[in-house]
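Please read these numbers as outputs of a predicted model, since none were measured by experiment.
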Amino acid sequence: MTAQATDLRSVRARRSLLQNVKRALATAPISAWFGMIVIVIYVFAAIFAPLIAPYGEAQVVGRAYQPSGPEFWLGTDQIGRDMFSRLIYGARNTIGIAFITTLLSFGIGGTLGVLTALKRGWLDQGISRIVDAFLAIPVLIFALMLLAVFGKSILNLILILALLDSTRVFRLARATALNVVVMDYVESAKLRGEGMGWIVFKEVLPNILPPLITEFGLRFCFVFLTIAALSFLGVGIQPPTADWGSMVAESKTLITFPVKTFPYIPAPFYPAIAIALLTVAINFVVDWFLHKTSGLRDEK
């Protein structure tokens, strides 16, 4: 059995990264494939928004609240802008800002979490107590307060949400790194005289990467929904920039329109469906990735 396990590990080691990815995708469930396809479509729309959208982001092209039709697939908003075009541009703005914010939060929280796990002592205690204080405050309320103080710009939005979200990343990075830094191979690296960079990037980070990648997907969803909520409340991404949260707020009165006036899906539901679909798709992929990296197997 030991020889077989050794041979299996050697075969896996000889596979290239592309081969491993292909094997993983071949065994992915339908839910994971659905999530990946949705994510690819959203990313494609975000990158190529100016080429896909039939009209400009803030271009007034018709009357207010025109219903869906051949000219305007999803109708127009309260000042006559094409809803389909703004939905596509909203993917670029909402997803792009959420992705940058999540990257920044992981850069801050992940770095501090790993360093405190390695250093321990007063640095660990000091940063941990500050993080505990931030965790006690609801993110949405704290973000509303800080945006009211510092201004409602996109830069402030990214920095504030990244700082608040980095506290959650810090807790996970510290907890997972603490389980790794006590391992024999880390102690051996220290005894060999390896520097901090080697220990972090060669010993600790590779062994905590799967839970961090999983958390990245979940934190992106939380940041994405927080940005949409702040925009809905009027303190997030500001007009005329297209954003799904503000699009729901701008056209929310159409929910109560009679069927004969607005015969198709009410306009607020389009960005709301886009938000919900992306959130579900990311959770499907994250769930599959977590199952894959945990070593669990479905019972037949």
Side-chain angles (χ1 to χ4, degrees), residues 37-102 140 143 147 151-158 161 220-259 261-282:
I37 291 172
V38 170
I39 292 172
V40 168
I41 292 173
Y42 275 63
V43 172
F44 181 84
I47 295 175
F48 299 103
L51 301 178
I52 300 173
Y55 302 100
E57 181 177 8
Q59 183 181 0
V60 178
V61 293
R63 302 187 310 274
Y65 297 138
Q66 284 187 240
S68 304
E71 187 177 4
F72 309 114
W73 291 358
L74 303 182
T76 59
D77 63 6
Q78 77 280 7
I79 60 174
R81 295 172 297 190
D82 180 49
M83 285 288 293
F84 179 68
S85 299
R86 287 183 62 77
L87 201 65
I88 294 175
Y89 277 100
R92 161 176 284 194
N93 299 324
T94 310
I95 296 174
I97 292 173
F99 183 73
I100 294 172
T101 303
T102 309
L140 188 59
L147 286 170
K152 297 178 287 187
S153 67
I154 292 179
L155 179 60
N156 288 340
L157 179 66
I158 292 174
L161 289 182
F220 174 83
C221 288
F222 283 114
V223 172
F224 173 73
L225 293 173
T226 302
I227 291 174
L230 290 171
S231 298
F232 180 83
L233 296 173
V235 295
I237 302 174
Q238 297 299 301
T241 304
D243 170 75
W244 291 340
S246 60
M247 288 174 66
V248 174
E250 290 168 354
S251 56
K252 62 181 180 294
T253 55
L254 292 180
I255 295 178
T256 59
F257 270 36
V259 175
T261 305
F262 203 84
Y264 301 103
I265 299 175
F269 288 151
Y270 295 125
I273 291 171
I275 293 171
L277 186 60
L278 180 60
T279 304
V280 171
I282 292 175

Point to revise | Spacing of OH belonging to Tyr42 relative to CD1 belonging to Ile282, to within rounding of 0.5 Å | key: 9.5 Å
Exercise for review: Return the set of residues passing ring pair (Phe, Tyr, Trp, His ring centres under 6.0 Å) with Tyr55 (not counting sequence neighbours), or none when no residue passes.
Suggested key: Phe72
Check your understanding: Which heavy atom in Asp77 sits nearest to a heavy atom in Met83, and how many Å separate them?
Key -> CB-SD, 3.8 Å
Exercise for review: State, to 0.1 Å, how close Ala45 and Ile52 come at their nearest heavy-atom pair, and which atoms those are.
Suggested key: CA-CD1, 3.9 Å
Review point. Can you find a heavy atom in the side chain of Thr241 that is under 4.5 Å from one in the side chain of Glu57?
Key: yes
Review point. Hey, does the side chain of Ser231 reach the backbone of Ile237 with a donor-acceptor pair shorter than 3.5 angstrom?
Key: yes
Revision key, fill the gap. Interatomic distance, CD1@Ile100 vs CG@Leu161, rounded to 0.5 Å, equals 12.5 Å
Study note, to complete from the structure: Residues at least two apart in sequence or cross-chain that pass side chain to side chain contact (heavy atoms under 4.5 Å, CB included) with Gln78, listed by chain then number, are Tyr65, Arg81, Glu250
Review point. Does Ile154 have any side chain to side chain contact (heavy atoms under 4.5 Å, CB included) partners at least two apart in sequence or in another chain, and if so, which?
Key: Ile97, Ile158
Check your understanding: For the residue pair Pro271 and Val248, what are the closest heavy atoms and their distance?
Key -> CG-CG2, 3.5 Å
Point to revise | Shortest non-hydrogen contact between Ile275 and Gly245, atoms and distance | key: CD1-N, 4.4 Å
Study note, to complete from the structure: Hits for side-chain hydrogen bond (donor to acceptor under 3.5 Å, both in side chains) against Thr102, two or more places apart or cross-chain, chain-then-number order -> none
Study note, to complete from the structure: For Ser153, the side chain to side chain contact (heavy atoms under 4.5 Å, CB included) test, sequence neighbours excluded, returns Leu155, Asn156
Point to revise | Straight-line distance of Leu230 CG to Leu157 CG, nearest 0.5 Å | key: 6.5 Å
Check your understanding: Checking Gln238 side chain against Lys152 main chain: does a donor-acceptor pair fall under 3.5 Å?
Key -> no
Check your understanding: Yes or no on side chain to side chain contact (heavy atoms under 4.5 Å, CB included) for Leu87 and Met247, after CA distance, side-chain angles and deciding distance?
Key -> CA-CA 8 Å; Leu87 201 65; Met247 288 174 66; 4.1 Å; yes
Practice item. Check whether the ring centres of Trp244 and Phe269 lie less than 6.0 Å apart, and answer yes or no. Key: no
Review point. Once the angle between the rings of Phe99 and Phe220 is folded into 0 to 90°, is it parallel (under 30°), tilted (30 to 60°) or perpendicular (over 60°)?
Key: perpendicular
Point to revise | Closest heavy-atom pair and its distance - Arg86, Pro240 | key: NH1-O, 3.2 Å
Practice item. With sequence neighbours left out, write down each residue that passes side chain to side chain contact (heavy atoms under 4.5 Å, CB included) with Ile41, or none if nothing qualifies. Key: Ile37
Check your understanding: At their closest point, which heavy atom of Ala242 faces which heavy atom of Asn93, and how far apart are they?
Key -> O-ND2, 2.7 Å
Check your understanding: Given the rule in the side-chain hydrogen bond (donor to acceptor under 3.5 Å, both in side chains) test, do Asp243 and Thr94 qualify, once you have shown the distances and angles that lead to the verdict?
Key -> CA-CA 6 Å; Asp243 170 75; Thr94 310; 2.8 Å; yes
